[in-house]
Amino acid sequence: MKSCHLCKEEYEEVKRNLSMRQVAEFYGYHVQKNGTCLCPFHQDRHPSMKIYPDDKGFYCWACQKGGDVIKFVAELFGTNNEEACKRLIEDFALPISWEFSSYREKREREKRRRKHREIRRFQEEAGKILKAYWILLTTAMGDASDPFFEEALQELSIIEYRIECLRSDPEAYFADRKAVKKLGEIARRVSCRDTGTDAGSAISG
């Protein structure tokens with residue numbers, strides 16, 4: 001079966017559309033405010049990889065690995081640059097196409113695109129719910145007479161953890177049925193506050 005190859009322009013378009021920070025965080029590596037993150041290429045306990053926003057590259061001061069977004073993904077998944085570039089096109093649903101060698105490849109790519117869009121929509125909607133609930137609880141923490149005060153004492157740190165999970169790995173959060181069910185309960189709690197009804201009992205963690 002004839003293989004399909006990307007041209008130079010397609011590589012450049014991928015790098016032009018994606019920032020290094022965006023790619024690192026998509027694959028689960030939290031980038032701190034100073035632009036550093038844990039290096040995925042060695043046993044890193046203290047962030048030693050620098051994510052450069054301008055040239056869209058990375059470099060680890062400990063293991064000396066570096067490169068652009070395509071090199072990062074190639075190293076991360078143990079593949080070559082072309083396969084890494086194709087993976088980025090698919091995972092980020094970029095409007096870049098190439099000739100496929102089979103119907104199966106077309107079907108698989110479209111499947112991954114749909115999943116990516118679904119997860120992104122979920123991340124956006126879930127983020128709004130969790131943020132609203134976090135605001136509700138932090139407000140309640142300052143007033144012992146607030147009907148959500150005791151709930152805030154129990155749930156605030158849990159909600160902050162859920163927000164971090166959603167940010168760092170939305171796909172895993174989306175796949176966790178228990179977490180998604182809890183999200184529905186949280187949405188109802190926020191709605192309860194908005195409508196002014198009685199708070200009732202706190203949700204379980």
Side-chain angles (χ1 to χ4, degrees), residues 17-38 40 47 49 51 53 56 69 72-73 76-77 87-95 108-205:
N17 277 277
L18 300 174
S19 71
M20 189 64 243
R21 184 188 187 107
Q22 183 182 11
V23 170
E25 294 195 330
F26 178 86
Y27 293 114
Y29 296 92
H30 174 57
V31 181
Q32 300 184 15
K33 290 183 179 180
N34 63 0
T36 61
C37 71
L38 292 174
M49 177 176 283
I51 300 298
K56 301 185 178 183
V69 291
F72 180 86
V73 174
L76 188 62
F77 294 101
R87 181 168 191 134
L88 285 167
I89 291 172
E90 295 177 359
D91 286 351
F92 285 89
L94 297 178
E108 288 300 314
R109 184 181 187 219
E110 183 56 33
K111 182 179 178 181
R112 292 183 69 173
R113 280 194 169 200
R114 286 198 302 269
K115 183 177 180 181
H116 172 77
R117 289 193 293 266
E118 187 177 13
I119 290 173
R120 285 302 166 201
R121 283 196 298 269
F122 168 77
Q123 185 180 32
E124 182 178 351
E125 294 171 4
K128 291 178 180 178
I129 293 170
L130 292 177
K131 184 177 180 180
Y133 190 51
W134 179 84
I135 292 173
L136 184 157
L137 295 182
T138 53
T139 300
M141 283 284 286
D143 183 2
S145 65
D146 191 294
F148 281 82
F149 178 73
E150 290 188 8
E151 186 169 333
L153 294 176
Q154 299 174 14
E155 299 292 330
L156 188 56
S157 62
I158 297 174
I159 289 304
E160 290 173 346
Y161 170 73
R162 293 183 189 277
I163 290 172
E164 176 59 24
C165 289
L166 180 68
R167 187 206 60 76
S168 62
D169 196 349
E171 186 170 357
Y173 199 112
F174 181 72
D176 188 333
R177 286 189 171 186
K178 185 177 180 180
V180 173
K181 181 180 179 181
K182 181 61 64 179
L183 191 64
E185 295 177 11
I186 291 171
R188 289 190 288 273
R189 302 297 289 151
V190 174
S191 177
C192 171
R193 177 69 166 214
D194 291 342
T195 57
T197 56
D198 182 71
S201 61
I203 65 172
S204 58

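- Within 6.0 Å of OH in Tyr161 there are 12 or fewer heavy atoms belonging to other residues, nucleotides or ligands.
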(request) Please lay out, stage by stage, how Glu155 and Ile158 fare under the test side-chain contact (heavy atoms from CB on, under 4.5 Å). (result) CA-CA 5 Å; Glu155 299 292 330; Ile158 297 174; 3.9 Å; yes
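- Leu76 approaches Pro40 most closely through the heavy-atom pair CD1-CB, 3.8 Å.
- Looking only at distances, no side-chain donor or acceptor of Arg162 sits under 3.5 Å from a matching main-chain atom of Leu130.
- Side-chain contact check for Val180 versus Phe122: some heavy-atom pair is nearer than 4.5 Å.
- Ring geometry for Phe77 versus Tyr27: interplanar angle over 60°, hence perpendicular rather than tilted (30 to 60°).
- Here CD1 of Ile51 is found 4.5 Å from CE of Met20. Values are rounded to the nearest 0.5 Å.
- We find the CE-CD distance between Met49 and Gln32 to be 13.0 Å, quoted to the nearest 0.5 Å.
- The NZ atom of Lys182 lies 13.5 Å from the CD1 atom of Ile129; values are rounded to the nearest 0.5 Å.
- Tyr133 pairs in a side-chain hydrogen bond (donor to acceptor under 3.5 Å, both in side chains) with only one of the listed residues (Glu185, Lys128, Glu151), which is Glu151.
- Salt-bridge formation is detected for the pair Glu164/Arg167: a Lys NZ or Arg NE/NH1/NH2 atom is positioned less than 4.0 Å from an Asp or Glu carboxylate oxygen.
- Listed for the Ser191 side chain is no donor-acceptor partner under 3.5 Å among the backbone atoms of Ala187.
- In plain terms, the two heavy atoms of Asp143 and Ser145 that are nearest each other are OD1-OG, 2.6 Å.
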(request) Would you sort out whether Asn17 and Phe92 count as a side-chain contact (heavy atoms from CB on, under 4.5 Å), showing the intermediate values? (result) CA-CA 10 Å; Asn17 277 277; Phe92 285 89; over 6 Å; no
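- Residues Ala140 and Phe149 come closest through the heavy atom pair O-CD1, 3.3 Å.
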(request) Check step by step if side-chain contact (heavy atoms from CB on, under 4.5 Å) holds for Leu18 and Leu94. (result) CA-CA 9 Å; Leu18 300 174; Leu94 297 178; 4.0 Å; yes
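- Between the CG atom in Leu137 and the CZ atom in Phe148 there is a gap of 8.0 Å [rounded to 0.5 Å].
- Take Glu25 and apply the side-chain hydrogen bond (donor to acceptor under 3.5 Å, both in side chains) test, not counting sequence neighbours, and it matches no residue.
- Side-chain contact check for Arg120 versus Pro170: some heavy-atom pair is nearer than 4.5 Å.
- Closest heavy-atom contact between Ile135 and Thr139: O-OG1, 2.8 Å.
- With contacts defined as side-chain heavy-atom distances shorter than 4.5 Å, the pair Asp91/Val73 does not qualify.
- Atoms CD and CG, on Glu125 and Leu166 in that order, are 11.0 Å from each other to the nearest 0.5 Å.
- Put simply, OH on Tyr173 and CD1 on Ile163 are 9.0 Å apart, with the number rounded to the nearest 0.5 Å.
- Side-chain contact between Arg189 and Leu136 is absent, with no heavy atoms from C-beta onward closer than 4.5 Å.
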